[in-house]
Amino acid sequence: MDPETAVSSSGVFSLERYAMLTGRTFKDSLIRAARGAVRHVIRITPPFNADGGPDSPTSEAKARGARAIERDLETIFAPVRLKRKRKERISGAEMVGIHLRHLKIKRPGRPMRRYGGPYFVDRRKFSALANKLRSHVGRLAAGWLPAVATTGASATPGWISRHPGRGYAQLDLDGASLSFQAANQPRHMPAELAAEMDRRVGYAVRYQFNGMQRELNHLLLRDATKAGLSVA
């Protein structure tokens, strides 16, 4: 079974307090929280940074992802002009397999380490694989696109939205128990990356609730000032 990264946000008590103090309905508050959490989780999914700091423009994250791919490939392979007598001839399919094996044990955010080799490969095959992998940048974040569509989150960069989103989202606004659930389900995700994504999902939810708490603090401070209360 492929690893699955999911977020299920209830935050019932926090949202109830938020709804009461802002004058919003609980339903509107839940949608607001879900929409914000989705925006955050996209912006901390690789190649974006985990700290949630905005890249300006967002194309910088795309470029960073492409550079990481190039560094990884240059670590694993040594592109050369191969002659027929050279024994180290490796097919394109074998290159893909070698890259996948290295990717499975790579730690997120750490440089790629080469195991075995060096792998001498034809320059043209090296360039073809690099171009193919660069076109995949944004595919992981695209797993949140169903959540974007469900919550009406703000527009997603084109280099993410061009990919089909392998994931699901459900926003239940009927009945006594309102809820929002979303999952990112890529076809293949190394265990190390899956663990890192689980952590980042938690960050996204926390970033959103922290932002809503700051909004509440601002409202309370404003009301206290209007009431003539002394605010430290």
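This structure is a prediction, so every number in the text was calculated from the model and none was measured.
- A continuous path of hydrophobic side-chain contacts links L21 to Y18 [ILVMFWY only; heavy atoms under 4.5 Å].
- Using a cut-off of 4.0 Å between Lys/Arg side-chain N and Asp/Glu carboxylate O, R32 and E215 are scored as salt-bridged.
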Salt bridge (Lys or Arg N to Asp or Glu O under 4.0 Å) evaluation trace for R199 with E196: CA-CA 5 Å; R199 286 190 289 271; E196 175 63 18; 2.7 Å; yes
side-chain hydrogen bond (donor to acceptor under 3.5 Å, both in side chains) between T25 and D28: does it pass, once the steps are laid out? CA-CA 5 Å; T25 65; D28 288 340; 3.2 Å; yes
What verdict does the side chain to side chain contact (heavy atoms under 4.5 Å, CB included) test give for I160 and V137, after you've listed the backbone C-alpha separation in whole Å, the side-chain angles of each residue and the deciding distance to 0.1 Å? CA-CA 8 Å; I160 295 176; V137 174; over 6 Å; no
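- Between W159 and F48, the gap from one ring centroid to the other is short of 6.0 Å.
- A donor-acceptor contact shorter than 3.5 Å links the side chain of R200 to the backbone of I44.
- Taking NE2 of H40 as the reference point, atom OG1 of T45 lies at 12.5 Å (rounded to 0.5 Å).
- Atoms CG and CG, from L221 and L216 in turn, are 12.5 Å apart once rounded to the nearest 0.5 Å.
- Follow the hydrophobic side-chain contacts under 4.5 Å out from V96 and you reach M112 in the same cluster.
- Here the side chain of H99 pairs no donor or acceptor atom with the backbone of L133 at under 3.5 angstrom.
- Hydrophobic clustering (ILVMFWY, side-chain heavy atoms < 4.5 Å, transitive): L219 and L15 are in distinct clusters.
- The stretch residues 92-104 participates, sequence neighbours left out, in no salt bridge (Lys or Arg N to Asp or Glu O under 4.0 Å) pair at all.
- Not one N or O on the side chain of R166 forms a donor-acceptor pair closer than 3.5 Å with the backbone of G143.
- Taken to the nearest 0.5 Å, the CZ atom of F180 stands 10.0 Å off from the CD atom of Q170.
- Here the straight-line distance linking atom CZ of R162 with atom CG of L145 works out to 12.0 Å at 0.5 Å rounding.
- A donor-acceptor pair is defined here as one N or O able to donate and one able to accept, closer than 3.5 Å; such a pair exists between the side chain of H102 and the backbone of Y115.
- Atom CZ of R113 sits in a sparse spot, with 12 or fewer heavy atoms from other residues, nucleotides or ligands closer than 6.0 Å.
- Residue pairs meeting the salt bridge (Lys or Arg N to Asp or Glu O under 4.0 Å) criterion with at least one partner in residues 124-147, sequence neighbours excluded, are E70-R134, D122-R124.
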Would you sort out whether E192 and R110 count as a salt bridge (Lys or Arg N to Asp or Glu O under 4.0 Å), showing the intermediate values? CA-CA 11 Å; E192 290 279 0; R110 300 290 183 86; over 6 Å; no
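- Using a distance-only test at 3.5 Å, with no hydrogens or angles considered, no donor-acceptor pair links the side chain of N184 to the main chain of A141.
- Using a 4.5 Å cut-off between side-chain heavy atoms of Ile, Leu, Val, Met, Phe, Trp and Tyr, with links allowed through other members, I98 and I105 fall into different hydrophobic clusters.
- The aromatic rings of F126 and F77 sit perpendicular, their planes meeting at an angle over 60°, well past the 30° parallel limit.
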